[in-house]
Number of protein chains: 2
Amino acid sequence: MDDAAPKTRIQIRNRKVILTAGLEVFSANGFRGATLDQIAREAGLSKPNLLYYFPSKEAIYTALLDALLDTWLDPLRALDPTGDPITEILGYAQRKLALSRDFPRESRLFANEILQGAPMVRDLLKTDLKALVDDRAEVLQNWMDAGLIRRTDPVHLIFSIWSLTQHYADFDVQIRAVLDEEDPFPGAECFLDQLYRSLLEPRAR
Amino acid sequence: MDDAAPKTRIQIRNRKVILTAGLEVFSANGFRGATLDQIAREAGLSKPNLLYYFPSKEAIYTALLDALLDTWLDPLRALDPTGDPITEILGYAQRKLALSRDFPRESRLFANEILQGAPMVRDLLKTDLKALVDDRAEVLQNWMDAGLIRRTDPVHLIFSIWSLTQHYADFDVQIRAVLDEEDPFPGAECFLDQLYRSLLEPRAR
DNA sequence: TCATGATTTGACCGCTTGGTCAAACTCACG
DNA sequence: CGTGAGTTTGACCAAGCGGTCAAATCATGA
């Protein structure tokens, strides 16, 4: 509720330490699966000390989700209606894939929340997220109407980018179990580029 | 461990009732998040009665996962090396999508398990799943070498089908929050068809 | 220096958890 | 009807859970 700007250096440091530890534990176990003791151990603090900085387990969790949602949707917001369509869409997919590579725990935190019915963020999805997607879908639709990219369902196109990119973070264990290479991301970059290029590039007529 | 064929009708019925209840609860909350009391309530049995049919919470969970894994990989096994490549791949994607539509709880159960590091099935992934994927990737590679479909990374192609189809079950809440239509699946079918057709159909040269 | 507020913690609480057990109940079958 | 195996359950347990609290410690600025 009230996170009226923390004042002392210790507060700033410890809140950060706790959020980092919380991210680690929540993303690996989900909200119910995580325990305050785990988070406290990970943070190097005692459990009561944790609850001195955050009023409850849920407060740590929602603080993480709030911070996450913003940065998570930035790549989609950055899609420029005045730019070159193919470059913009491919760039969006690559930026989203980079998020999966660089912030896999954030991706898994979000995936856990959605998988379990989005108890904390369902309303935000129906308002903020829907508004953003509707807006960007219109941009895509305009590009299609102008013949700059091939026609397809813009919303499912956006879904597909979310799905394909987050998959590499969320299903990391499965991918590494199946793949021979150490790092799946170079191959993924290349594949996504090819996939969306062949879907979107207008064909000779 | 030992599920030496249950004998009486009551055993057969109750084991089934418990597994159904367990699927409901585990898929919605993950392993740690689910409780025996929830499962017992869902099954209409008392908690000790549950533990008369299964030795532990984990036993219910692994029984579900075991049964799931088989049916989950069937569509990929069904991919026919002697069939028409595009038809086979598109058919595989559609069959996988149908699984997401008809068995969303199974999909979410599996997603929960993988998300949390696949503690129960990691070994199976590295052996059985990897073997199957390697085998099918070779089939795809042969089709590419024969010029029947365009060249791309066969393993990432398989990943993409998993990702795109399971997304509609696992992220159901998010999709319904954003989409206007009641049922996302007709649109998804159509989009996937278009996506893989444009990726795979050899271009005029 | 000391006083005051910020920080830390051991001990504790009530509740839920997975699991046990002995006793009771049910049911098929001779 | 009776009897023994199969089934069900209330009572219970130890461990773990989120959270509280008073007391101790630390930091800081007058």
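These numbers were taken from a predicted model, which means no experiment stands behind them.
B:Ala40 comes within 4.0 angstrom of no nucleic acid atom, judged by non-hydrogen atoms across all strands. Using a 4.0 Å heavy-atom criterion, one finds that B:Tyr53 contacts the sugar-phosphate atoms exclusively.
OP1 or OP2 of D:dG6 has not a single side-chain nitrogen or oxygen of B:Gln11 nearer than 4.0 Å. The phosphate of D:dT7 (OP1 or OP2) has no side-chain N or O of B:Asn49 nearer than 4.0 angstrom. Phosphate proximity of D:dT8 to B:Asn14: present, with a side-chain N or O under 4.0 Å from OP1 or OP2. One finds a side-chain N or O of B:Arg32 lying less than 4.0 angstrom from the OP1 or OP2 phosphate oxygen of D:dC17. Using a 4.0 Å cut-off, no side-chain N or O of A:Ser56 falls inside it from OP1 or OP2 of D:dG18.
In this structure, A:Ser46 and B:Phe31 both approach DNA chain C, and ranking their closest nucleotides by distance from the 5' end singles out A:Ser46.
Judged by distance alone, the side chains of A:Gln166 and A:Ser100 never bring a donor and an acceptor atom under 3.5 Å apart. Judged by distance alone, the side chains of A:Ser46 and A:Asn49 never bring a donor and an acceptor atom under 3.5 Å apart. Neither side chain, A:Ser163 nor B:Tyr168, offers a donor N or O lying under 3.5 Å from an acceptor on the other.
Taking atom NZ of B:Lys47 as the reference point, atom P of C:dT20 lies 11 Å away to the nearest angstrom. Between the NZ atom of B:Lys57 and the P atom of C:dT17 there is a distance of 9 Å, rounded to whole Å. In this structure, the CG atom of B:Leu36 is 6 Å from the C1' atom of C:dG18, given to the nearest Å. With rounding to whole Å, B:Gln38 atom CD is found 7 Å from C:dT17 atom P. As rounded to whole Å, 14 Å separates atom P of D:dT8 from atom CZ of B:Arg15. Nucleotide C:dG18 holds its C1' atom 9 Å from the CG atom of B:Asp37, rounded to whole Å. Atom-to-atom, CG of A:Asn29 to P of D:dG18 comes out at 11 Å; the value is rounded to the nearest Å. Counting to the nearest Å, the P atom of D:dT7 and the CZ atom of B:Phe54 are 13 Å from each other.
Comparing C:dA11, D:dG10, D:dG6 by their closest approach to the side chain of A:Pro48 singles out C:dA11. The nucleotide whose nearest atom lies closest to any side-chain atom of A:Ile10 is, among D:dT7, C:dT8, C:dT17, C:dT8. Closest to the side chain of B:Tyr52, from the set D:dT8, D:dC17, D:dG10, is D:dT8. When distances run from any side-chain atom of A:Leu51 to the nucleotides D:dG18, C:dT7, D:dT20, the shortest one goes to D:dT20.
Between B:Arg101 and B:Glu189 there is a salt bridge, since a side-chain N of the basic residue sits under 4.0 Å from a carboxylate O of the acidic one. Of the charged side-chain nitrogens involved, at least one lies within less than 4.0 Å of a carboxylate oxygen, so that A:Asp74 and A:Arg77 count as a salt-bridged pair.
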